[in-house]
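Report on the structure given below.
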Amino acid sequence: MVPVSAERWVDATISAGLEGQAVSLVKFVDLDSDQRPDAVILPKSGPGIAPRVFLNKPSPSGEGIGFQFQIASATQLPAARTADTLVFADLDNDGIKDAILSRYNDIYQDDYSPPVSGPKRSAWMPGNGDGSFGQAQIFEKAPLTTTRAIAIGDVNQDGLLDCLFGNWYQRYFTGYEAFSNDLLIQYPTTDGEPGFTRWPFPLETSPTDFHDDLGGRPTYGVAITRLDSGLPMVLELNYGRRWNRLYRMALRGPIKEIQWTENKPGPLAPNDSDAIRDHLVRQLVGENIASATKVDGDGIRHGRHPKWNRDQANAHPRSQRPDEAPFRSNGNTFDCAVGDIDNDGDFDLFVSTIIHAWAGESSDRSRFLVNQLSETGELSFATFEHLSVDRIPDLPDPGVPLTEEHTSYNQGDIYAELADLNHDGRLDLVLCSSDYPDPPPHDERLRIYFQQTDGRFLDVTSDLGLDHVGAGMPSLADVDLDGDLDLLVGQSFNRLTRSQRIKASIESGALSPNSNDDRPPEPRARLYLNESSNGRASIILHLQGDPKGGVSSEAFGAIVRVTADTDGDPGTPEVVQSRQLLGPAGHSGKQNEAIIHVGLNAADRASKVVIEWQSNPKTHTIIEGLEAGRYLVIQGEPSPQALSR
C-alpha cells in the first residue's frame, strides 16, 4: 500500500478562494497567458447563468498555499444553461484563449424554448486576454441540435483549429433517432477572420434502420486524437448501448491553386475563400474503423437481459423487458481518457460507461482499451482482465439466492482521466462516478487508481484522504506550480438519497455537522492539492505552435517522447514515456490545463525530449539533457525557456 502519511492530498477549496461553488462542471485553462491555470466554474441552471471565471494569482510573498483565485468581473460570457457546453481554445491563432459555446437546442420537443439571453445558437467569442471575451460569432454552419459535447483539434493538419460537436437524441426520451454530429472545419477568409464550414459524416443522411444503426447516434462524448502515425482521428462515444465510432481521417491530396485569368479559368482561385472552403470539405475523407479496431463495443452482442428468478420480477420489473436488438447491446459511453499506459509508444484509451444490474451483459463496462499498434503493426485495441477497475459485487455461490446488492447495483462512471499523479513514470487513473444511490463500497464517487509495477491499477482513494461522493467533471492542472498535477472536481447529487446528500455535504463543508442547518444539501466543487510525488520530480512543457509553420498556436496533437533513467540504475535501459497534447474533449467539454506533464521517478532530468509537431509534413524539436522543471517550448526555437514558480 502507499504510505498514507506522505501522500494524503490537501483540500484547498477554501484557502484557494473557491468555497461555496455549487457546480458539476469545472475546468482549468490559462485565460490570461501567464502560464498559470485559471479556473472556470459552470453553475447549474435551467434558464442559464453566466459562467464564473477565477484567475490564478500568486499570493503576496508566497503566503499560505502560494496562490489565490480571484473572481473576474465583467467577463461578457453569456448565460449558459445546464445542458450547454463551454470550452476554451485559441481558434484565431492570436495567442489568447477564445470561448466556444455549444447550445443544447432540443427543438423537436413540444416545450422547447430558445436561450433567454446571449446567442441563440452555438457560437465562439474571441478572448481579450484578461478573462473577458468579445462579441459572440455564430457558427452559421452548425445546425440547431442537441449538442452536448465538444472536441477541439486540427483534424486536417493545416494549422487551423477545428470544432467537433457531439449531438444527442432528436427528442430525448422519445424514440431512438439521434442527430448526426457536426465537424466544423476552419478555413482562412479574405478578411482574416476564422471561417467554419461543415464536413459531412459518412452515411449521416442514411435512414435509421436499427440494424446497422446508420445515421446519427446519441453521442455523449467526442475526441480528436492521434492513435497512429496518420492524421488525428475522430472518436465518437455513444449512449443508449449504441456502438462507438472511430473515424480514420485522410487527405485526398494537396489543394491545387491555379491562377484565375479571363482566358484560362482554373478550378481554384487563390485567395478565394469560398473556393478554398469547398475544397477543404472535399479534400478530407473519413472511414469508420471502430468495429475493425474493437473500439465500437465489447464482443458481447446478444442484447439479452439477465434471467433472474420469477419471484424477483415484481421487485425488478425492468429485468423483465424484452431483450435488446444488437444495435443496443454495447456501451452507455460518456467519456474517454487517452494515454500510453504501458510506455510502449502508442496511445491507449480508457472509456467510462454507465452500467446497471438489470441490463446484465447487454451493457459494456468501463475498461482500458490497450493499443496493439506497437506489438502488431496494426491499429487495434484489446482488453485485459488484470486492468479491470469494476466495483461489481461478486455473485454468490451456486444455489445461494441473489440479494438486493446483486440485482440493483449501478456503476455510474461519467468521467475519466489519465495522468502520472505520483511521478513514478506510470500513468494513473482518475475515475469520477455519480448519479446513482448505491451504498458503499459500490457508491458513486471520486476514485484514484495508482498504476502498479505489474500494470494493475490499485484504488488508493482512501489512502489519499479523499471523500467526494457524486464526483462530477474533473480537471487537472499544476495549480500551485510545484510540478505535480492537482485536481479540481465538480459534484452531482442526481438520484442520491437525502441522507447521502447530507453526508456528502458535511464532508465538503457545505453543511455543518450536528447542527440544525435547514439548508438543502448542495453539491460543491472541490480543489485537491496533490501530495503524492514523494520528492520525485517532473518535466512540464507549455507548447506554443507557429501558425506560419503549419501548427496552431495551441499545438494540439503534438506528441512528446521523454527518455529518462527512471529507475536510477545505469545498467538498465532508459524508459521512453509518450504524451499527447490534447484539446478539450470527452463528455460535456472536459478540459485540463494544456500542458505536457511527465513524471521522472528516480531521475532528475531527461536525457532526451523529442517533440513531434502536428504540421504537414511533421517537424521535430529535439532537446538533450533537460533538467526537471517547467518550460515554454516554441516551435522553431532551438532552446526551451525555463519558467519560474
Side-chain angles (χ1 to χ4, degrees), residues 149 151 153 155 164-168 176 178-183 199-206 208-250 284-303 324-339 346-355 362-373 376-384 416 580 582 585-587:
V155 175
L164 173 62
F165 291 168
N167 303 319
W168 280 17
Y176 294 146
F179 290 107
S180 58
N181 294 330
D182 300 308
L183 176 57
W199 181 81
F201 278 88
L203 304 176
E204 68 174 19
T205 59
S206 301
T208 305
D209 60 4
F210 301 132
H211 182 272
D212 297 317
D213 203 16
L214 306 179
R217 297 174 186 170
T219 298
Y220 280 31
V222 288
I224 298 173
T225 181
R226 294 176 61 186
L227 299 173
D228 61 11
S229 60
L231 290 179
M233 296 186 183
V234 170
L235 178 60
E236 176 184 296
L237 307 167
N238 295 319
Y239 184 71
R241 287 179 277 169
R242 311 274 278 272
W243 298 309
N244 299 323
R245 286 173 166 141
L246 177 65
Y247 289 97
R248 172 176 278 152
M249 312 300 286
L284 186 65
V285 295
E287 175 190 10
N288 180 21
I289 60 171
S291 177
T293 57
K294 300 182 180 179
V295 170
D296 57 341
D298 67 19
I300 301 173
R301 304 296 171 106
H302 54 60
E324 300 285 359
F327 85 97
R328 274 177 53 82
S329 64
N330 284 102
N332 285 324
T333 314
F334 277 73
D335 195 27
C336 74
V338 181
D346 54 32
F347 289 94
D348 313 300
L349 302 172
F350 182 90
V351 291
S352 55
T353 71
I354 284 180
I355 64 172
S362 69
S363 183
D364 292 358
R365 301 181 181 186
S366 300
R367 62 200 183 281
F368 283 99
L369 298 174
V370 182
N371 196 338
Q372 301 299 293
L373 181 63
T376 67
E378 298 290 335
L379 180 68
S380 65
F381 293 85
T383 58
F384 299 98
Q580 183 175 167
L582 299 170
H587 180 54

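The shortest distance between side-chain heavy atoms of Leu235 and Val222 does not fall below 4.5 Å. Side-chain contact between Phe201 and Val234 is present, with at least one heavy-atom pair separated by less than 4.5 Å. Residues Thr383 and Asp298 fail the side-chain proximity criterion, which asks for heavy atoms closer than 4.5 Å. By the 4.5 Å heavy-atom criterion applied to side chains, Met233 and Val295 are not counted as neighbours. By the 4.5 Å heavy-atom criterion applied to side chains, Tyr220 and Leu237 are not counted as neighbours.
Aromatic ring orientation, Tyr176 versus Phe210: perpendicular (interplanar angle above 60°, classes split at 30° and 60°).
A donor-acceptor pair is defined here as one N or O able to donate and one able to accept, closer than 3.5 Å; such a pair exists between the side chain of Thr219 and the backbone of Arg217. No side-chain donor-acceptor contact under 3.5 Å links Asn371 to the backbone of Phe381. In terms of modelled atom types and a separation under 3.5 Å, the side chain of Asn332 and the main chain of Thr353 share no donor-acceptor contact. Using modelled atom types, no side-chain atom of Asp182 and backbone atom of Phe165 make a donor-acceptor pair closer than 3.5 Å. Remark: side-chain polar atoms of Arg301 are not paired, donor with acceptor, to backbone N or O of Ser329 under 3.5 angstrom. Side-chain atoms of Asn330 never come within 3.5 Å of backbone atoms of Asp364 as a donor-acceptor pair (strictly under, hydrogens ignored).
Here side chain to side chain donor-acceptor pair (under 3.5 Å) pairs that include residues 284-295, with residues two or more places apart or in two chains, number zero. Residue pairs meeting the salt bridge (Lys or Arg N to Asp or Glu O under 4.0 Å) criterion with at least one member in residues 228-243, sequence neighbours excluded: Asp213-Arg242, Asp228-Arg248, Glu236-Arg245, Arg241-Glu324.
The side-chain hydrogen bond (donor to acceptor under 3.5 Å, both in side chains) check on Trp168 picks up nothing, with sequence neighbours excluded.
Test Leu369, Leu373, Val370 against Asp348 for side chain to side chain contact (heavy atoms under 4.5 Å, CB included) and you get one pass: Val370.
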